[in-house]
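Computed from heavy atoms alone, side chains included, the values below leave out hydrogens, waters and symmetry copies.
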Amino acid sequence: MGRNVGNPDAIHEYRSLASYSHRHMGPTTRARFVHNRRRRRRRGPYAAPDDDDEEEDQQEASSSSSSSDEGEEDAEEEGSGEVDDDDGEAAEPSGKEEEVSPVAAAARSGRKASITISLKKVCKVCKSTGHEAGFKGAVYIDCPRKPCFLCKMPGHTTLTCPHRVAMEHGVIPASRRNTNTSLDYVFQSQVKGKIPMVKPQFLIPNQLECGNIKFHQRRVTCLEFHPTKNNVLLSGDKKGLLGVWDYVKLHEKITYDSVHSCILNSMKFDTTNDGLLYTASSDGTISSTDLDTGIGSSLLNLNPNGWNGPSTWRMIYGMDFNSDKGLLLVADSFGFLHLLDRRLKARIGDPILIHKKGSKVTSLHCNPAQPEVLLSSGNDHYARIWDTRKLEPNSAFVSLAHGRVVNSGYFSPQSGNKILTTCQDNRIRVWDYIFGNLESPSREIVHSHDFNRHLTPFKAEWDPKDHTETVAVIGRYISENYNGIALHPIDFIDTSTGKLLAEVMDPDITTISPVNKLHPRDDILASGSSRSIFIWKPKTESDATEERNREKAKEFVYGSGSRKKSNGKHENSSDDDSDGSCDGKKKKKAKKTRFTHTIKGKGKSKV
DNA sequence: AGAAAATGAACCC
DNA sequence: TGGGTTCCCTTTTC
């Protein structure tokens with residue numbers, strides 16, 4: 001509480017003079033920084049002024065606004081202010097002259113009234129005074145009256161949360177291997193110390209290779225690698241646009257804008273015909289698109305009668321493909337599962353309620369080892385395991401309870417024996433063995449991936465290449481201060497321990513990356529951040545050397561470790577690009593011409 | 001620079 | 001149960 005006490009920089013006084021007469025004021029309230037008086041403050045932040053305040057206000061408007069004793073006054077008040085500030089204006093007894101609303105006062109007096117708003121360190125989160133929440137530079141200060149933004153427990157803030165990620169910047173990725181056999185331990189205890197460290201096989205793709213800035217019109221909602229063409233990445237956005245991009249031949253990109261009319265929620269390749277892509281959308285349709293010809297066809301439409309209001313509009317989020325049966329499994333936003341025969345393009349049987357009626361099913365996943373076993377996740381705070389051969393309501397093997405909405409649930413990619421879920425209660429849950437006791441998860445890993453309506457929901461996903469089925473990747477919501485820049489890394493997590501293996505970020509990507517996909521064969525990560533998509537590769541030895549040299553050079557120029565702050569979003573990269581397409585001027589141009597702007601990350605190192 | 005908009009889930013009664 | 005209200009680390013555009 002009151003961490004900013006005595007810090008004059010953190011204290012400002014804000015008062016706005018707004019006339020309710022439209023002759024004098026524009027549509028928005030005009031604000032100015034002025035001296036504030038204790039008398040006004042007493043009345044609460046939104047109290048109406050005395051009539052005689054008006055002249056003074058106007059005089060004050062022309063005077064300057066800084067004063068040292070203001071800070072002292074505020075600091076003084078903070079200590080006692082915390083108790084009653086919750087409802088400062090409401091707590092005041094009514095009936096006083098001062099309490100009359102300015103509008104009413106103006107109406108009564110027949111002349112323009114002014115309202116004085118004095119905000120002194122008002123917390124935008126809890127609306128009380130005495131403290132402020134928000135960014136102070138690159139550090140976000142939590143509201144102390146709210147539960148921790150990270151672990152959701154009361155009594156502390158994120159800055160002091162025991163679950164807070166505190167990884168050294170530039171840490172060397174840990175080895176992916178974690179399931180040591182007894183031989184390994186013997187090896188470690190007796191031999192390891194005597195031989196040089198073996199380079200870990202698992203490489204974290206932590207170096208920005210290239211990016212496609214604003215490839216999409218709206219934020220990216222899903223990513224998928226082409227199952228056979230190694231360098232082809234598919235992406236979907238909130239507008240329903242489907243993008244195909246060859247990230248080796250940077251200019252080779254195609255977009256299909258007529259596949260869906262709103263959010264493209266899920267993409268799945270037909271495992272028997274990798275030229276065929278199935279897409280699910282909030283427009284309530286499933287489409288199949290031939291990627292060679294671009295020809296698409298609709299396989300399912302859950303809203304054949306068009307828009308009749310939100311209470312009847314069905315959206316599709318979860319979808320998976322059962323290759324054994326040629327069956328497409330589709331779940332809608334009302335809790336129902338639909339089965340679809342891919343060849344007949346026809347529904348099989350009636351829809352089955354698999355989650356609470358009226359609630360959204362967020363994801364579906366068929367077990368890779370036993371495709372008839374289905375995992376569903378829903379807005380009803382459950383993930384459920386089903387046998388698709390004998391589906392009926394309430395026939396789930398098991399219901400896995402979660403604290404909040406479950407964004408996703410995946411079986412482990414190879415054995416299918418584990419389950420990984422992402423829940424909006426900021427916890428990643430792992431069940432180690434689906435045939436064991438599933439009553440409670442084997443582990444709950446606190447990780448910041450909160451819900452925000454403007455962000456694509458975060459989903460922790462397994463690394464498909466990881467034979468030990470331990471490594472998962474997920475974007476981080478909460479930011480961390482990296483050399484003065486608030487960045488949201490992409491986290492690699494060891495799901496067997498909860499340990500953070502690596503955090504992947506770039507100072508030029510200041511936006512959150514909720515969508516992440518690891519390549520099925522290569523050490524490549526694709527990330528979707530806002531409207532852009534990025535490709536990451538492991539840092540090579542020469543990359544690392546180059547980076548060190550660059551850091552040294554910067555230290556020489558800017559002084560000890562202080563890095564020039566990049567205030568921009570993606571397009572504000574200050575460093576140059578190898579193909580010359582990335583400097584400031586050209587970037588502004590690129591803003592206007594969509595889909596033409598591509599960056600090569602490595603070029604940035606050429607200073 | 002500051003405001004508005006887009007828009008999903010929780011929570012309240 | 002349902003509608004109205006609120007809302008904490010967004011991002012973009014004007």
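Rounded to a whole Å, the CG atom of A:N265 is 13 Å from the P atom of B:dT7. For the pair A:D425 CG and B:dC11 P, the interatomic distance rounds to 12 Å; values are reported in whole Å. Remark: P of B:dA9 and NE2 of A:H454 are 13 Å apart, rounded to the nearest angstrom. A:D380 has its CG atom 12 Å from the P atom of B:dA9, to the nearest Å. Regarding A:I512, its CD1 atom lies at a distance of 6 Å from the P atom of C:dT10, rounded to whole Å. Summarising the geometry, the separation between NE2 on A:H449 and C1' on B:dG8 is reported as 16 Å, rounded to the nearest angstrom. A:K357 places its NZ atom 11 Å from the P atom of C:dG2, with the value rounded to the nearest Å. Atom pair A:D450:CG and B:dG8:C1' shows a separation of 13 Å (rounding to whole Å applied).
Relative to the side chain of A:R453, the nucleotides B:dT7, C:dT12, C:dC9 differ in distance, and B:dT7 lies closest. The side chain of A:T158 has C:dC9 as its nearest neighbour among C:dC9, B:dA9, B:dA6. Taking only side-chain atoms of A:V405, from C-beta outward, the nucleotide of C:dC9, C:dC7, B:dA10 with the closest atom is B:dA10. Distance from the side chain of A:K127 is smallest for C:dC7 among the nucleotides C:dT12, C:dC7, B:dG8. You'll find that the side chain of A:Y140 is closest to C:dC9, out of C:dC7, B:dG8, C:dC9. For A:F149, whose side chain is taken as the heavy atoms from C-beta onward, the closest listed nucleotide among B:dA9, C:dC9, B:dA6 is C:dC9. Set against C:dC7, B:dG8, C:dT13, the side chain of A:R531 has C:dT13 as its closest nucleotide. With distances taken from any side-chain atom of A:R404 to the nucleotides B:dA9, B:dC11, C:dT12, the minimum falls on B:dC11.
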Using side-chain contact (heavy atoms from CB on, under 4.5 Å), reason through A:M319 and A:I286 one step at a time and then give a plain yes or no.
CA-CA 9 Å; A:M319 175 183 65; A:I286 299 286; 3.7 Å; yes
Please evaluate residues A:H402 and A:D425 with respect to the criterion side-chain hydrogen bond (donor to acceptor under 3.5 Å, both in side chains), reporting the C-alpha separation (whole Å), side-chain torsions for both, the decisive distance (0.1 Å), and the verdict.
CA-CA 8 Å; A:H402 288 69; A:D425 64 359; over 6 Å; no
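Residue A:I478 is in base contact, counting any heavy-atom pair closer than 4.0 Å across all strands shown. As judged by a 4.0 angstrom heavy-atom cut-off over every strand, A:P147 is placed among the base-contacting residues.
Distances shown here put a side-chain N or O of A:H381 below 4.0 Å from the OP1 or OP2 atom of B:dA10. Within the 4.0 Å cut-off from OP1 or OP2 of C:dT10, not a single side-chain nitrogen or oxygen of A:T511 is found. Using a 4.0 Å cut-off, some side-chain N or O of A:K360 falls inside it from OP1 or OP2 of B:dA9. Side-chain nitrogen and oxygen atoms of A:N452 include none within less than 4.0 Å of the OP1 or OP2 phosphate oxygen of B:dG8. Residue A:K124 places none of its side-chain N or O atoms closer than 4.0 Å to OP1 or OP2 of C:dC7.
DNA chain C is contacted by both A:S479 and A:K356; A:K356 maps to the nucleotide lying nearer its 5′ end (nearest heavy atom per residue). Of the two residues near DNA chain B, A:N379 and A:R218, the one whose nearest nucleotide lies more 5' is A:R218.
Under the 4.0 Å criterion applied to side-chain N and carboxylate O atoms, A:D450 and A:K152 are assigned as salt-bridge partners. We find that A:D491 and A:R476 are joined by a salt bridge, their nearest charged nitrogen and carboxylate oxygen being less than 4.0 Å apart.
A side-chain donor from one of A:S529 and A:T511 sits under 3.5 Å from a side-chain acceptor of the other. Counting only N and O atoms by type, the side chains of A:R219 and A:T456 include a donor and acceptor under 3.5 Å apart.
Between A:Y477 and C:dC9, no base-stacking contact is recorded for ring centres under 5.5 Å apart and planes less than 30° from parallel.
For the C1' atoms, the distance from C:dC9 to B:dC11 is 22 Å, rounded to whole Å.
Relative to the six-membered ring of A:F334, A:K357 misses at least one condition, a distance below 6.0 Å or an angle of at most 45° to the axis.
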